[in-house]
Protein chains: 2
Amino acid sequence: MGLHHPATEDLELPTVLHALSDPQRLRIVRKLSADPEPRACGSFEMDVSKSTCTHHFRVLREAGVIEQQVLGTSRLNSLRREDLDERFPGLLDAVLASADAKSAAPA
Amino acid sequence: MGLHHPATEDLELPTVLHALSDPQRLRIVRKLSADPEPRACGSFEMDVSKSTCTHHFRVLREAGVIEQQVLGTSRLNSLRREDLDERFPGLLDAVLASADAKSAAPA
DNA sequence: GCAGCAGTTCGATAAACGTCGTACAATTAA
DNA sequence: TTAATTGTACGACGTTTATCGAACTGCTGC
């Protein structure tokens, strides 16, 4: 069965903000942004269990933040950057910039 | 007793995003942005009970999104726009613009 | 076929959340 | 002083959340 992805015009701001408000999920999104190549779930070094991972990827997908393509036994994840930019201009960039600034360790 | 407000450098991105991810709270923030005059809690037309209101204002305050000043029996609420812009440049604007766009009814 | 790998599904659990009503405190007005 | 106004504190409640482990499905390769 195909995974469900919300249409661009159906993206809800509170839902997206909630999806981005969890540290684990924020990490996923940042990695996807840093390297735009679609990546399997397993390639993210998550410090939670496999089933928790599945949960977080689903929250991101159902919020419309990521897209998941089935490839064999894997799910290739990519950011829905264009859709997000169309619906919420500047939001993703601001969130990513804020997350980067925060983690940019001072010398 | 004075109300507790987090310092600008202590603002956490996930906490702020979570504070903004609730429709009631988003409404509060939008009203504060539309009219930058500090306003009492009661002046927001909220469709929830008084105690729920108190809860939402506290979440916003503890996340560092709003400032509450005591004036008599009232709490004057204002956006911590400068602090937010310093810590998370562009974030608040992007959220507010997205919220505005969403509620801007098409013809 | 069989084993291994990638994720999902299914409870379960503990914590957090949004909501309410009632009671309370503190200020202001009569 | 009494009453009204503004908001808080305190449970209480049902829901959602983040987490886990164990069992499962579906592909890939030997």
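These figures come from a predicted structure and were not determined experimentally. Labels below follow one simple rule: chain letters A, B, ... track the order of the sequence lines, proteins then strands, and each chain is numbered from 1.
For the OP1/OP2 pair of D:dT5 and a distance below 4.0 Å, the side-chain nitrogens and oxygens of B:Thr73 include no atom meeting the criterion. Not one side-chain nitrogen or oxygen of A:Arg58 sits closer than 4.0 Å to the OP1 or OP2 atom of C:dG7. Checking the phosphate oxygens (OP1, OP2) of C:dT8, a side-chain nitrogen or oxygen of A:Arg75 falls inside 4.0 Å. The phosphate of C:dT8 (OP1 or OP2) has a side-chain N or O of A:Thr54 nearer than 4.0 angstrom. Look at B:His56 and you won't find any side-chain N or O under 4.0 angstrom from OP1 or OP2 of C:dC17.
Residue B:His55 is in base contact, counting any heavy-atom pair closer than 4.0 Å across all strands shown.
The shortest side-chain heavy-atom distance between A:Cys41 and A:Thr54 does not fall under the 4.5 Å cut-off. Counting heavy atoms from C-beta outward, A:Glu62 and A:Thr15 have side chains that stay 4.5 Å or more apart.
Ion pairing between B:Asp93 and B:Arg81 holds under the 4.0 Å rule for side-chain N and carboxylate O.
Annotation: side chain to side chain contact (heavy atoms under 4.5 Å, CB included) contacts of B:Val29 (sequence neighbours excluded): B:Leu20, B:Leu60, B:Val65, B:Leu79, B:Leu92, B:Leu96.
The distance from atom CZ of A:Arg27 to atom P of D:dA18 is 15 Å, rounded to the nearest whole Å. A:His18 places its NE2 atom 17 Å from the P atom of D:dT15, with the value rounded to the nearest Å. Following rounding to the nearest Å, A:Leu3 (CG) and C:dG7 (P) show an atom-to-atom distance of 12 Å. As rounded to whole Å, 14 Å separates atom P of C:dA6 from atom CZ of A:Phe44. The CG-P distance, from A:Asp22 to C:dA15, rounds to 17 Å in whole Å. Atom CZ of A:Arg61 is separated from atom P of C:dT8 by 7 Å (rounded to the nearest Å). In this structure, CD of B:Gln68 is placed 11 Å from C1' of D:dT8, rounded to the nearest angstrom. If you measure from atom CZ of B:Phe57 to atom P of D:dT6, you get 13 Å, rounded to the nearest angstrom.
Toward the 5′ end of DNA chain D lies the nearest nucleotide of A:Lys50, the other residue of the pair A:Lys50 and A:Gly72 mapping further downstream.
Checking D:dA9, C:dG7, D:dC20 against every side-chain atom of A:Ser51, the shortest atom distance belongs to D:dC20. Looking at the side chain of B:Ala40, the nearest of the listed nucleotides D:dG21, D:dG7, C:dC20 is D:dG7. Closest contact between the side chain of A:Val48 and the listed nucleotides C:dC20, D:dC20, C:dC17 involves D:dC20.
Taking only distance into account, the side chain of B:Ser49 never meets the base of C:dG21 through a donor-acceptor pair shorter than 3.5 Å. With hydrogens and angles left out, the side chain of B:Ser74 and the base of D:dG7 share no donor-acceptor pair within 3.5 Å.
Checked against A:Asp100 for a salt bridge (charged side-chain N to carboxylate O under 4.0 Å, His left out), the options A:Lys31, A:Arg27, A:Arg30 give a single hit: A:Arg30.
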